[in-house]
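Remarks on the structure that follows.
Lettering follows sequence order; numbering is per chain, from 1. Here the structure is a predicted model, which is why all the values come from computation and not from measurement.
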Amino acid sequence: MKLDELILSPSPWLAPGGPQSDIVLSTRVRLARNVAGRPFATRLRAEERQDLEAYLKKAVIKALGARDITWFELAEVSEIDRRCLVERHIISRELAAAEGQRGVAVDGHQRLAIMANEEDHLRIQVIFPGLQLQEAWLEADSVDNHIEEQITYAFSPKLGYLTACPTNVGTGMRASVMLHLPSLVLTKQIDKVFRAVARMRLAVRGLYGEGTQATGDIYQISNQASLGRSETDILKTLGAVIPQIVAYEQQARQVLADESPAILDDRIYRAWGILTHARTISSEETLTLLSAVRLGLHLVRLKGVDIGVINELFLLTRPGHIQKIRGKELSESERDVARAGYIRKRLGSS
Amino acid sequence: MICQRCKKQPATVHLTEILQNEKRERHLCEDCAREEGVAVKAQINLQDILSGMLEAHQVVGKEANLTCPDCGITYAEFRSQGRLGCPHDYEVFAAPLMEVLEKVHGATDHLGKLPRRAGADLTQQRQLMQLRRQLQEAVESEKYEEAARLRDLIKHKEASGETG
């Protein structure tokens, strides 16, 4: 698969139709692994980094040869393309910004991504649409087993899989669920959710990970602790908490529809009006408005718009993608104009 | 907008001050704001929290100087970077690290998945790392015969690890 094809094709984590997909966008399981007998990636010299990447590439391709896997050398990928890969959650911001030899293996469905030479030698990541914790874990586990046939991992019987940062040691697993919670934000109950979640040793982050603000009312909830509990137990905790948050969001949607229909509709239709008529629009405003339209469609207060297109726009209007679509580098103000034009085109207005 | 103080960096901190009933707006970059003693509410991430936690954890002189014989990192270096240098560090820094793990995870023992080939002998793993280090040094001091010998030895050891 070519990189251009990958970047311009629909992303599985925004595909409608996954379980609970009106509220749960996607489920992700990430495993951190390191090769035994080598320093962690941050301590590698340039030649060692190169040597390790070649070793990992060979091992991963051999392990997963049966799958449709493509390896991309990130040192040879343009900045815009790397930005798009970050926006697609295929690579981390750290890997995009890093220097030296590093790579990523991606499967044809963009469901599996394996980063090489991030802070850990390998980061295996599986993304499924909707709420599919068990499915995502089984897939990641199976990929991990295949790779392990080729590579001896750094592992200690007491501490489990050894990682560069002690926050990931043990299972090396981070399971996270991406949620769209506009009504809990609108009814100002979102802080209550955060407090409850924190008590369960779970972490809340924005759309683009650590230190990013929640934009478009999208939040990621993931396990904080990776040591001292089995993968299954970690998934159980998430599996118990997420449906409750989904239920709160549903309740809040009902309350809004029952008690303040005019305010709700006003919000949805203003968002629709701006998206279909704006001539210049920032990516933050776009996410906020798309969030309101998405809510309107799920509550059937706005009709005749394809939810799939709205979901796709969450990704295709990001700064990297809008430049990719235009096929050239754009300044911020040029992007805002291009973005407004692209949204109008996709939503069928002129 | 450019910082009014250093006139170099973009202004990201915007202040409204009222002095003797006169309103004054100021636009500063984060560095200048910090120097002027303005508290900047920054985004918090896990990394910062960990560094903070490590900072708060009083390290007696002896622990700060703990050094890994394999990768050369000191405990003090790890504290400032938040990243370990190699797998062996978990043993070298075991004493202070256990307290960190207890705080972060609420546990210090792995209960999850086991690699199927857990045979990966820890001593052999360390040997490999030391050989690689010697190889690097041999290459740097242009001792190419020695380097070739070490490279073969590493290959041999890695291959035997893969089958066993």
Side-chain angles (χ1 to χ4, degrees), chain A residues 31 33-45 47-48 51 55 59 119-120 141 144-145 148-173 201 203 205-206 209-213 224-234, chain B residues 42-50 54 70-73 78 81-91 93-94 97 100-102 104-122 124-133 135-136 139-140 154 157-158 161-162:
Chain A
L31 300 175
R33 299 289 187 256
N34 288 279
V35 182
R38 296 196 190 228
F40 292 133
T42 44
R43 287 291 275 199
L44 292 173
R45 283 173 251 205
E47 320 89 85
E48 292 178 302
D51 178 60
Y55 173 74
E119 79 172 48
D120 293 302
D141 186 33
D144 184 43
N145 289 339
E148 204 222 314
E149 285 170 17
Q150 306 299 327
I151 291 176
T152 305
Y153 286 144
F155 181 87
S156 114
K158 177 175 166 59
L159 293 175
Y161 293 93
L162 303 177
T163 51
C165 183
T167 51
N168 295 315
V169 78
T171 57
M173 183 175 86
R201 273 192 187 272
R205 297 173 304 158
E210 269 170 38
T212 65
Q213 232 178 332
Q224 185 98 259
S226 56
L227 179 69
R229 293 190 308 153
S230 70
E231 291 83 356
T232 315
D233 279 346
I234 293 171
Chain B
Q43 300 261 3
I44 294 167
N45 67 36
L46 212 57
Q47 190 54 46
D48 294 341
I49 295 172
L50 178 67
L54 294 168
D70 291 0
C71 70
I73 198 172
F78 158 64
Q81 298 161 6
R83 298 287 183 281
L84 293 162
C86 79
H88 187 49
D89 297 349
Y90 281 98
E91 277 175 49
F93 305 148
L97 256 187
V100 174
L101 294 179
E102 180 66 48
V104 174
H105 302 280
T108 56
D109 287 294
H110 178 55
L111 292 177
K113 186 175 174 175
L114 301 174
R116 284 192 193 154
R117 302 180 305 119
D121 182 332
L122 290 177
Q124 207 190 348
Q125 289 182 25
R126 284 199 56 200
Q127 252 176 16
L128 259 177
M129 181 108 74
Q130 283 156 0
L131 285 172
R132 278 183 199 290
R133 215 178 163 195
L135 168 64
Q136 199 63 43
V139 171
E140 274 164 20
I154 290 169
K157 283 204 183 280
E158 254 185 350
E162 271 176 21

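A:Pro166 is not listed as a side-chain neighbour of B:Val104, based on a closest heavy-atom distance of 4.5 Å or more. Between A:Asp51 and B:Arg132 there is a side-chain heavy-atom pair separated by less than 4.5 Å.
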(request) Please lay out, stage by stage, how B:Lys113 and A:Glu148 fare under the test salt bridge (charged side-chain N to carboxylate O under 4.0 Å, His left out). (result) CA-CA 12 Å; B:Lys113 186 175 174 175; A:Glu148 204 222 314; 5.6 Å; no
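Listed for the B:His105 side chain is a donor-acceptor partner under 3.5 Å among the backbone atoms of A:Ser226. Here the side chain of A:Lys158 pairs a donor or acceptor atom with the backbone of B:Thr108 at under 3.5 angstrom.
The most heavy-atom pairs under 4.5 Å with chain B, out of A:Asp141, A:Leu44, A:Thr232, A:Val35, come from A:Asp141. With chain B as partner, the option from A:Asp233, A:Asp144, A:Asn34 having the largest number of non-hydrogen pairs under 4.5 angstrom is A:Asp144. Of all the listed residues (A:Ala154, A:Gly172, A:Ser230), the one sharing the greatest number of non-hydrogen pairs under 4.5 Å with chain B is A:Ser230. The candidate from B:Gln136, B:His110, B:Arg133 with the greatest count of non-hydrogen atom pairs under 4.5 Å with chain A is B:His110.
Closest approach of B:Ala107 to A:Gly228, counting heavy atoms only: CB-CA, 3.5 Å. Considering all non-hydrogen atoms of both residues, A:Cys165 and B:Gly82 come closest at SG-O, 3.8 Å.
Residue contact with chain B, scored on non-hydrogen atoms closer than 4.5 Å, involves the side chain of A:Thr42 exclusively. Interface residue A:Arg201: only side-chain heavy atoms are found under 4.5 Å from chain B. Within the 4.5 angstrom heavy-atom criterion, no atom of B:Gln130 approaches chain A. For B:Leu135, no part lies near chain A; criterion is any non-hydrogen pair under 4.5 Å.
For residues 161-171 of chain A, the set of pairs meeting the salt bridge (Lys or Arg N to Asp or Glu O under 4.0 Å) definition, not counting sequence neighbours, is empty.
Residue B:Asp70 holds its CG atom at 11.5 Å from CZ of A:Arg43, rounded to the nearest 0.5 Å. Here the straight-line distance linking atom CD of A:Glu231 with atom CG of B:Leu111 works out to 9.5 Å at 0.5 Å rounding.
A:Phe40 meets the ring pair (Phe, Tyr, Trp, His ring centres under 6.0 Å) test with no other residue; sequence neighbours excluded.
Under a 4.0 Å N-O distance rule, the pair A:Glu119/B:Arg83 qualifies as a salt bridge.
B:Pro87 pairs in a side chain to side chain contact (heavy atoms under 4.5 Å, CB included) with only one of the listed residues (A:Leu159, A:Leu162, A:Thr163), which is A:Leu162.
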